[in-house]
Asker: 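Quick one: the structure is below, questions incoming.
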Amino acid sequence: MPELPEVETIKRDLKKHVTGKMISRIEINLPRIARKHCNQDEIVIRTERRTIKEVKRRGKFLLFYLDSSDILIFHLGMTGQLLFCSIDSPFEIDKYTHIVVRLKDNEKILFRDPRQFGQVFVINQEELSDKLDLGPEPLSDGFTVEILYSMLNRPTKIKSFLLDQKKIAGIGNIYADEILFEAGLHPIKPANSLNKGEATRLFVAIRNVLTEGVKQRGTSISDYVDASGKKGNMQNKHRVYGRAEKPCPRCGTNIKRTVIGGRGTHFCPRCQKT
DNA sequence: AGTACGCCCTGGCCGC
DNA sequence: TGCGGCCAGGGCGTAC
């Protein structure tokens with residue numbers, strides 16, 4: 001569910017609500033969510049009575065910088081949600097609420113995740129680049145056509161390339177399909193077959209589609225909601241994702257669905273060239 | 001070392 | 001109404 005635009009939306013919401021606030025205690029009800037990098041007891045100990053200095057995003061990870069040199073990190077997997085809970089915006093702690101981050105005045109951040117693919121862990125700031133192991137942020141100034149072009153040096157299908165977090169951080173299955181439609185590139189096209197012009201089109205499409213996704217506050221197809229529990233609007237703007245056998249908005253040809261790298265892939269067989 | 005696939009889970013939807 | 005089968009936006013471990 002949550003790709004860069006969704007995590008960015010949640011980050012902006014939580015930043016407003018929790019920056020400068022102290023974590024009284026974290027409760028972890030499902031150990032498997034805390035299986036990576038450190039165990040659940042360590043997470044509890046290293047976050048207790050720590051103040052949240054900053055909230056940031058890196059790829060699809062959400063980062064809470066603490067007043068120690070530690071960072072509390074969440075990944076939402078497929079169905080994860082982070083809900084800010086207060087007197088004004090109460091949320092029920094249900095069977096899918098695996099983590100409760102308790103703040104003062106009965107405020108809380110709830111982590112819900114029906115499919116349990118999410119993760120939580122605490123690492124030191126110095127371990128960040130090592131433990132997350134991500135490619136560049138596609139919306140940052142540091143990401144350029146030249147950098148993108150230099151990474152397109154392998155015969156991997158371009159769709160798989162876009163999904164590889166070590167290449168570019170934050171693109172998931174939905175935005176990958178939308179980006180390739182925007183760029184007019186067939187998802188099976190080998191990455192190293194793109195010429196400079198095609199790489200430029202891909203670069204522009206990555207920026208445009210992700211920026212529009214953030215502007216629309218993300219895509220809500222099933223589980224995704226922001227930190228207030230509200231749905232995004234980007235699903236209404238999709239041109240290929242989830243539109244198999246419906247007409248292409250550009251040429252009218254029926255959109256096709258196939259499977260690439262085990263993921264459902266939607267494309268216009270006429271507009272998108274191999 | 002790079003790439004492809006099965007698998008981790010649960011819920012929703014479709015067809016019988 | 002019930003149930004089996006299939007689908008799902010992510011990432012990892014394993015096998016080449």
Asker: By the side chain to side chain donor-acceptor pair (under 3.5 Å) test, which pairs, at least two apart or in different chains, include something from residues 185-200 of chain A?
Answerer: A:Lys189-A:Ser193

Asker: Which residue, A:Lys157 or A:Arg263, contacts DNA chain B at a nucleotide closer to its 5' end, judged by nearest heavy atom?
Answerer: A:Lys157

Asker: Of all nucleotides in DNA chain B that come within under 4.0 Å of a heavy atom of chain A, which is furthest toward the 5' end and which toward the 3' end?
Answerer: B:dG2 to B:dG11

Asker: Pick the closest DNA chain C nucleotide for A:Gly264 and for A:Lys36 by heavy atoms, then say which residue is nearer the 5' end.
Answerer: A:Gly264

Asker: Between C:dG10 atom P and A:Asn173 atom CG, what is the distance in whole Å?
Answerer: 6 Å

Asker: Within residues 109-117 of chain A, which residues have any heavy atom lying less than 4.0 Å from an atom of DNA chain B?
Answerer: A:Pro114, A:Arg115, A:Gln116, A:Phe117

Asker: Taking salt bridge (Lys or Arg N to Asp or Glu O under 4.0 Å) as the definition, give me every residue that meets it alongside A:Arg102, ordered by chain and number, with sequence neighbours left out.
Answerer: A:Glu27

Asker: Anything under 3.5 Å between a protein N or O and an N or O of nucleotides 13-16 of chain C, put it in a table, one pair a line.
Answerer:
none

Asker: With A:Arg58, which residues qualify under salt bridge (Lys or Arg N to Asp or Glu O under 4.0 Å), at least two apart?
Answerer: A:Glu137

Asker: Using only heavy-atom distances, determine whether the side chains of A:Asn208 and A:Thr211 contain a donor-acceptor pair under 3.5 Å.
Answerer: no

Asker: Rounded to the nearest 0.5 Å, how far apart are NE2 of A:His266 and CG of A:Leu180?
Answerer: 13.0 Å

Asker: Which residues pass the salt bridge (Lys or Arg N to Asp or Glu O under 4.0 Å) test with A:Lys60, not counting sequence neighbours?
Answerer: none

Asker: Can you name the salt bridge (Lys or Arg N to Asp or Glu O under 4.0 Å) partners of A:Glu146, sequence neighbours left out?
Answerer: none

Asker: According to ring-ring contact (aromatic ring centres under 6.0 Å, His included), who are the partners of A:Phe161, at least two apart in sequence or on a separate chain?
Answerer: none

Asker: Pick base, sugar-phosphate or nothing for A:Arg154, based on heavy-atom distances below 4.0 Å to the nucleic acid.
Answerer: sugar-phosphate

Asker: What is the distance, rounded to the nearest whole Å, between atom NZ of A:Lys131 and atom P of C:dG11?
Answerer: 18 Å

Asker: Taking the cut-offs as 6.0 angstrom to the six-membered ring centre and 45 degrees off its axis, would you call A:Arg50 and A:Phe64 a cation-pi pair?
Answerer: no

Asker: Looking across every strand, which nucleic acid part, if any, lies under 4.0 Å from A:Ser160 by heavy atom: base, sugar-phosphate, or nothing?
Answerer: nothing

Asker: Could you work out, with ring-ring contact (aromatic ring centres under 6.0 Å, His included) as the rule, every residue matching A:Phe203, not counting sequence neighbours?
Answerer: A:Phe143

Asker: Pick base, sugar-phosphate or nothing for A:Lys95, based on heavy-atom distances below 4.0 Å to the nucleic acid.
Answerer: sugar-phosphate

Asker: Are there runs of at least three consecutive Watson-Crick or G-U pairs touching DNA chain C, with each pair's two distances under 3.5 angstrom? Give them by first number.
Answerer: B:2-8 with C:10-16, B:10-16 with C:2-8

Asker: First locate atom CG of A:Leu185, then atom CD1 of A:Ile158, and finally report the distance between them rounded to the nearest 0.5 Å.
Answerer: 7.0 Å

Asker: Once you round it to whole Å, what is the distance between C1' of C:dG10 and CD1 of A:Ile33?
Answerer: 13 Å

Asker: Is there a donor-acceptor pair under 3.5 Å between the side chain of A:Lys237 and the backbone N or O of A:Asn233?
Answerer: no

Asker: For A:Arg32 and C:dG11, what is the distance between atoms CZ and P respectively, to the nearest whole Å?
Answerer: 15 Å

Asker: Residues two or more places apart in sequence or in another chain: which of them pass ring-ring contact (aromatic ring centres under 6.0 Å, His included) with A:His98?
Answerer: none

Asker: Without decimals, in angstroms, what is the distance between A:Phe74 CZ and C:dG10 C1'?
Answerer: 17 Å

Asker: If I take atom CG in residue A:Asp164 and atom C1' in nucleotide C:dC12, what distance separates them, rounded to the nearest angstrom?
Answerer: 13 Å

Asker: C:dG11 phosphate, OP1 or OP2: any side-chain N/O from A:Lys166 under 4.0 angstrom?
Answerer: no

Asker: How far does the P atom of B:dA1 sit from the matching atom of C:dG11, given to the nearest Å?
Answerer: 23 Å

Asker: What integer number of Å spans the P atoms of B:dC9 and C:dT14?
Answerer: 15 Å

Asker: May I ask you to decide if A:Glu3's main-chain N or O and A:Glu6's side chain share a donor-acceptor pair within less than 3.5 Å?
Answerer: yes

Asker: So how far is it from A:Asp67 CG to A:Lys53 NZ, rounded to the nearest 0.5 Å?
Answerer: 6.5 Å

Asker: What is the distance, to the nearest angstrom, from the CD atom on A:Gln165 to the P atom on C:dC12?
Answerer: 9 Å

Asker: I want to check one thing: is the phosphate of C:dG11, taken as OP1 and OP2, less than 4.0 Å away from some side-chain N or O of A:His75?
Answerer: yes

Asker: Please work out if A:Gly172 contacts a base, only the sugar-phosphate, or nothing of the nucleic acid, heavy-atom cut-off 4.0 Å.
Answerer: sugar-phosphate

